[in-house]
Structure formats: structure tokens, C-alpha cells
Amino acid sequence: MVQSKLPETQGSLFWEMRRLALEKNAIDMSVGMTEFECHPRLAELAAGFIKEGVSNYAPLEGIMSLRERISELTERLYGRSYSPKTEITICAGHVQAISTAISSVVNEGDEVIVFEPAYFTYAPAVRLNGGMPVFVPLKEPGFKVDWEDLRKMINSKTRLIILNSPHNPTGSVFGKEDLAQLQRLTNGTGIYIVSDEMFEHLVFDEQKHLSMAQFDSLAARSFVVSSPGPLFHINGWGLAWCLAPAPLMAEFRKIHEHQIYNVNTPFQQALARFLEQPALPEEITEFYQGKRNYFNRLLKGSPFSLQPTEGTYFQLVGYQQLSNEPDYQFALRLLNEAGVAATPLSVFMHKKNLQYLRFCFAKKNETLDEVARRLIAFAEKNRL
Ligand SMILES: Cc1ncc(COP(=O)(O)O)c(C=O)c1O
């Protein structure tokens, strides 16, 4: 019998709704799958590199031209220059980048702050390294960090804080005051930060994404992780990058080499070439803000309650007017009776008594129309 290193992990629940959606032929709003195609030029570039025979290993840290483009992009957006040689590594997707960053600094017995709800891979990655996740709840309304709560949880064992803004699954976004508080609490400590900035370009309503890269004292202790997935509709390409000061990145690369070894070479080449054109994020921000507004308008006035989504392509939906069931049970009923799959919020929590579902609105308007029609019909039959 194998002795599991992750006996408590609920990871498979995350994919469970997708599996059931496929089995029942339901509309799948659960996992972050978009209905949009990769930019045709990017697709052509990737196909071209494969046809040309770009099939060998890339350098361990990723191809230089892609690291250079990412360095330029980061400098343009956040005013910090990361060295392509020593401070940027291309990774096999976001989850790998985050797990490797966690492995770089967490040792047996270290405490790691994880704000909950949290992306479901953070705590298992901490545990695999012998660390102990310390869960700090985000506070309603708005699922915001209570910095006083955080201050109380920090002690001499605290090695790392994992942050995620824009936040999956709640859609909340850090403001200036959040980053000021974070600086106050970490200055003069040996605490590191892993900052999951996957949705950096999906921040709405004239707010701007604040990156750890923008603040000297935070950048000095941070692994900043981002990905081209949401930006170009290529989540399945399995590409991401990590930025960190050279001494942190040196440790990161030691682990990366033994876990990953190589990241898809033709896709790296294609992305590097594609990023030579400087026009970027504004379009995608507006695009997803439009999707959020569209989906919100469709459900407005229904018994479903909508949490404000400041960023990401996720919408948290409450159903307190319809049922007292725990979210997993309600999600199963919605799937079976309305043919719509959504992710129960409790998948992102170690405690389970919530009443929210997460919907991914990265869908065509026809799909959003049909989902809203089904949800409203379901609500009419189920109002308490
Ligand atoms: C906050 C966050 N981190 C990480 C990931 C996983 O990214 P990847 O598929 O590139 O590993 C996701 C996917 O939706 C995410 O939302």
C-alpha cells in the first residue's frame, strides 16, 4: 500500500464537474476553458515551427528570445527590468511555475500563508515540501484580505505568503492599500512571496493590475508567475513564466531542471515571434469586461446573487434564495436538472459549508444566453 503524501487532497473534485458535464452532455461553465480560438497568426507560427522541424530540447531556462520579449513586456508594464539571463524562466504552465517556486523556498516545518478560497494546487504543493499551509480567510463582502488577520498569523516559522490577484475563484483584485499593507508586514522579515498573476490583463472598470514587480521591497522577495494563456486563449499550450531576483531564480532553476527539464520548444518559438508585435492587452481586457457585463445583465433580477467580479473570467454566484444545500450538492442538482456545470466554491476551501458556485464566462454570447435561460428556468421551479 502506498503511503500517500496528500491524503487530504480534494484535487480530483476540481475536475469532477468537467467529467460529469461531459458525461451528461451539460454546458460546462466549471473549469477555466474558453470557447475562443488562439489568434490565427500565433497558430500559424506554431504550425510553421513544427513543420520546419523545431523538435529538439530548448535550453533549461527557456529560449532566449522569449525571455527577452517577456523582459521587455514586464518593463513596459511595470517599470522593472528582469534579466533574461538570470531572472526569467519559462515554465510548463502556471501550476508548475508556482509549485517550483514553492519548492525553492519551503522546507520541512515551514509555515506558508494561503488565503482562502485559494486555487486548489497551492496547499498540496506546500505539503509536498513538508510545509504547513496556514489558511487565512478572505473576508466578505468582496473576498478581501484582512491585513490585521494576516499580521496575527505571521510568526518566526512563516516562510512564504502565496498571493493571487486578480483572484481565482472570487474575481477580487488588490488595490494600492493592499500592497502598502503587504510591504509593511513583510519589510525586515525573511518572508518570501509567490505571486500568481495569471490574470494580470483581466482587470476591469478602469482599475489597473498591481504587480509585485512594481514595488522594490516586494519584488526583492517575490517569485512573480504569469502566463500567456488567458491573454491569447492558449491555456492548453502549457506555457508560463516565473520572474525573480537572480539568487531566488538560481534556486528555482535547480528544481526546475530536475522536475521539468524541457518546455515545449515550438510553442516557445511561436510565442517569442508573436510577442515581437508590441500591441497587447487592452483588447482582451475590454473583451472580458464585456463578457462579464453581458453575463451579469442576463442574470440580473433573478434569484441568483452575483458577487462583484473586478477581474478574471470567473463569476461567483450565490443561491441563498433557492436552497440551503451545501454547494457541492446544489451544483450536482443544477447539473442534473438544468444541464449546467459550475464549480462549487468549497473546492477552493479546506472547510466546506459555503453557498456559492463559480462560473467561467469565457464563452460565446450564445452559450451565455442559453446558460442564463436554463438558470432562470431552474430558479423559477426552486425558489424557497
Ligand atoms: C489562479 C490560477 N493559477 C494557476 C492556474 C493554472 O494554470 P496552468 O493551466 O497554466 O497550469 C489557473 C488556471 O485557471 C489559475 O486560475
Side-chain angles (χ1 to χ4, degrees), residues 11-18 28-36 38 62 66 70 89-103 112 114-126 133 138 143 145 160-174 193-203 209-212 222-243 256 259-260 263-264 267-268 271 284 288 291-292 309-316 341-345 347-349 358-363:
S12 57
L13 268 187
F14 181 80
W15 294 104
E16 176 75 353
M17 282 298 153
R18 166 106 191 129
D28 187 9
M29 302 288 279
S30 65
V31 188
M33 301 246 189
T34 81
E35 282 190 332
F36 311 112
C38 154
L66 181 54
I70 290 163
T89 298
I90 310 302
C91 295
H94 221 75
V95 166
Q96 182 249 310
I98 290 165
S99 302
T100 303
I102 290 171
S103 298
V112 177
V114 178
F115 293 103
E116 270 200 334
Y119 194 63
F120 75 109
T121 62
Y122 300 161
V126 170
L138 295 172
F143 291 94
V145 174
L160 174 69
I161 301 176
I162 303 178
L163 299 169
N164 173 217
S165 173
H167 187 254
N168 176 10
T170 68
S172 80
V173 165
F174 277 162
I193 292 169
V194 169
S195 184
D196 183 343
E197 302 186 13
M198 170 153 181
F199 295 103
E200 62 182 316
H201 303 295
L202 273 56
V203 176
H209 172 63
L210 295 173
S211 172
M212 297 302 132
S222 291
F223 297 87
V224 178
V225 177
S226 190
S227 143
L231 187 55
F232 302 125
H233 315 301
I234 52 170
N235 283 337
W237 281 28
L239 284 183
W241 51 82
C242 181
L243 317 171
H256 180 82
Q259 286 179 332
I260 297 302
V263 177
N264 191 312
F267 287 0
Q268 288 195 58
L271 187 62
I284 199 76
Y288 276 120
K291 290 285 165 199
R292 178 205 59 181
T309 289
E310 299 172 284
T312 75
Y313 43 52
F314 297 112
Q315 175 67 55
L316 269 195
T343 307
L345 184 60
V347 165
F348 305 95
M349 311 281 289
R358 189 198 71 171
F359 289 75
C360 171
F361 56 75
K363 308 287 177 200

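Note that ligands are numbered from 1 as they come in the structure, with each ligand's atoms numbered from 1 the same way. Positions are given from 1 along the sequence.
Checked by distance only, ligand 1 and Y313 stay at 3.5 Å or farther apart across all their nitrogen or oxygen atoms. Where the criterion is an N or O separation shorter than 3.5 Å, residue side chain and backbone included, H94 meets it with respect to ligand 1. Ligand 1 has no N or O atom lying under 3.5 Å from any N or O atom of G93, backbone or side chain.
Considering OG of S165 and CE of M198, their distance stands at 14.0 Å, rounded to 0.5 Å. The distance from atom CD1 of I260 to atom OG of S99, rounded to the nearest 0.5 Å, is 9.0 Å. The OG atom of S103 sits 12.0 Å away from atom CD1 of I98, with the distance rounded to the nearest 0.5 Å. Taken to the nearest 0.5 Å, the CD1 atom of I284 stands 9.5 Å off from the OH atom of Y313.
In terms of protein heavy atoms, atom 13 (C) of ligand 1 is closest to Y119 OH, 3.3 Å. Among protein heavy atoms, the minimum distance from atom 16 (O) of ligand 1 is reached at N168 ND2, 2.5 Å. In terms of protein heavy-atom proximity, atom 11 (O) of ligand 1 is nearest to V95 N, 2.9 Å.
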*Worked check of side chain to side chain contact (heavy atoms under 4.5 Å, CB included) between E200 and S211*: CA-CA 8 Å; E200 62 182 316; S211 172; 5.7 Å; no

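Counting protein heavy atoms under 4.0 angstrom from atom 9 (O) of ligand 1 gives zero.
The backbone N or O of E197 sits nowhere less than 3.5 Å from a side-chain atom of S195 that would complete a donor-acceptor pair. At least one donor-acceptor pair closer than 3.5 Å links the side chain of T309 to the backbone N or O of F314.
Residue N164 touches ligand 1 through its side chain alone, judged by heavy-atom distances below 4.0 Å. Only side-chain heavy atoms of D196 come within less than 4.0 Å of ligand 1; its backbone N, CA, C and O stay farther off.
Taking a 4.0 Å cut-off on heavy atoms, G32 fails to register as neighbouring ligand 1.
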